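I have placed the structure first, in the form of structure tokens, so that the comments after it can refer back to it.
FYI, side chains are in, hydrogens and waters are out, and symmetry mates aren't considered; it's all heavy atoms of this structure. All figures in this text were calculated on a predicted structure; none of them were measured in a lab.
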Amino acid sequence: MSALPLITDPFFYAVSIPAVLLLGVSKSGFGAGFGSLAVPMMALAVTVPQAAAILMPVLLVMDLLGMAAFRKDVDRALLKFLLPFGLAGIVLGTVLFRVLDARVVAGVVGLVTLLFLAQRLLFRPRADSPPPPKWLGAILTATSGFTSFIAHAGGPPINAYVIPLKLRPVLFTGTMAFFFFFINLSKWIPYAWLGLLDWRNMATSLALLPFAPIGVWVGVRIAHRINQALFYRMVYTGMFLTAVKLLWDARPLT
């Protein structure tokens, strides 16, 4: 490991190891929404694009573990609807990556997330409320693909569409695991084309990789034992903290 050109700054690992563990827990479904905090946390030590690139192999391992754990719990019809729009967001992110300020993207995602939470908490839907319209799902899913490409922050937008569908926690988790596997897999070629997958980033990712299954394992054990009401409270909490952190990152620099 010492021969690899990895990042050696201790502060980087002080913020990145908790970020990877949090991402792993989020990937298991428990605490869904917290995973979007990983890049902002790592951005305390490196740039947002570098943090996103370092997490690519980590995400691949986590996605594979998540799919294996929830392979029988997937809403295939929902997944078939979501994927084309998510991939469209990836294409948009690829095109705009070099011209967009990451702080602007962070601010928009944070604001949309807070508006969704305010709507859910102040105007609570009735038990017989209809599901969100599909056109809204298309927009939110494309937004999820876009923000996932820019900063691995695709959770809040798609949660805003899928949560009101009232899936069982395990079905919610399994469907999101498969969705983000395909979304994250589709980023590899654009990230390489943009020059983000260099040896230093990949070596650093290798150093963080052992923490990936630990986070997923912890989250999977909890996800299978949590009741639905508490599960969605945790999702809302994760989305709120993510939104606050993203808005903080979007503040004007002095």
Would you confirm whether the ring centroid of Tyr191 sits within less than 6.0 angstrom of the ring centroid of Phe149? yes
Residue pair Val162, Thr175: steps toward the side-chain contact (heavy atoms from CB on, under 4.5 Å) verdict: CA-CA 10 Å; Val162 178; Thr175 305; over 6 Å; no
Measure across Ala138 and Phe81 and return the closest heavy-atom pair with its distance rounded to 0.1 Å. N-CZ, 4.0 Å
Between atom OG1 of Thr204 and atom CZ of Phe12, what is the distance when rounded to the nearest 0.5 Å? 5.5 Å
Determine whether Trp248 and Leu22 fall in the same hydrophobic cluster, where Ile, Leu, Val, Met, Phe, Trp and Tyr are linked whenever their side-chain heavy atoms lie under 4.5 Å apart. no
Drop me the distance from Arg200's CZ to Ile7's CD1, to the nearest 0.5 angstrom. 4.5 Å
Decide if atom CD1 of Ile189 counts as having more than 12 heavy atoms of other residues, nucleotides or ligands within a radius under 6.0 Å. no
With side-chain contact (heavy atoms from CB on, under 4.5 Å) as the test, would you mind laying out the steps for Leu82 and Tyr161 before giving the verdict? CA-CA 10 Å; Leu82 296 174; Tyr161 174 65; 4.0 Å; yes
Report all side-chain donor-acceptor pairs from residues 58-68 shorter than 3.5 Å, counting only partners two or more places apart or in another chain.
from	atom 1	to	atom 2	distance (Å)
Asp63	OD1	Lys27	NZ	2.8
Asp63	OD2	Asn184	ND2	2.9

If we ignore hydrogens and angles and just use 3.5 Å, is the side chain of Ser186 paired with the main-chain N or O of Ile183 as donor and acceptor? yes
Nearest 0.5 angstrom please: Ser16 OG to Phe211 CZ, how far? 10.5 Å
Taking every non-hydrogen atom, the tightest pair across Leu55 and Ala38: CD1-CB, 4.1 Å
Would you say the side chain of Ile214 lies within less than 4.5 Å of the side chain of Val20, judging by non-hydrogen atoms? no
Counting N and O atoms only, with roles assigned by atom type, does the side chain of Ser205 sit under 3.5 Å from a partner on the main chain of Asn201, one being a donor and the other an acceptor? no
To the nearest 0.5 angstrom, please state how far the CE atom of Met42 sits from the CD atom of Gln50. 8.0 Å
To the nearest 0.5 Å, what is the distance between CG (Asp75) and CZ (Arg168)? 9.5 Å
Flag side-chain contact, heavy atom, 4.5 Å: Pro133 against Leu136: yes
Evaluate whether atom CH2 of Trp188 has more than 12 neighbouring non-hydrogen atoms of other residues, nucleotides or ligands under 6.0 angstrom away. yes
Between Leu197 and Leu194, is there shared hydrophobic-cluster membership here, with clusters defined by ILVMFWY side-chain heavy atoms closer than 4.5 Å? yes
In the structure I gave you, are the side-chain heavy atoms of Phe70 and Leu171 within less than 4.5 Å of one another anywhere? no
Can you give me the closest heavy-atom contact between Ile163 and Phe172, atom names plus distance? CG1-CE1, 4.0 Å
State whether a side-chain donor-acceptor pair under 3.5 Å links Lys187 with Thr94. no
Interatomic distance, Leu165 atom CG to Asn159 atom CG [nearest 0.5 angstrom]: 11.0 Å
Report yes if the side chains of Leu79 and Val74 come closer than 4.5 Å at any heavy-atom pair, otherwise no. yes
For the pair Thr147 (side chain) and Ser144 (backbone), establish whether a donor and an acceptor sit closer than 3.5 Å, ignoring hydrogens and angles. yes
Ile158 vs Leu140 side-chain heavy atoms within contact, under 4.5 Å: no
Contact between Leu6 and Tyr13 at the side-chain level, heavy atoms closer than 4.5 Å - yes or no? yes
Find out if a path of hydrophobic residues (ILVMFWY) with successive side-chain heavy-atom gaps under 4.5 Å connects Phe146 to Trp135. yes
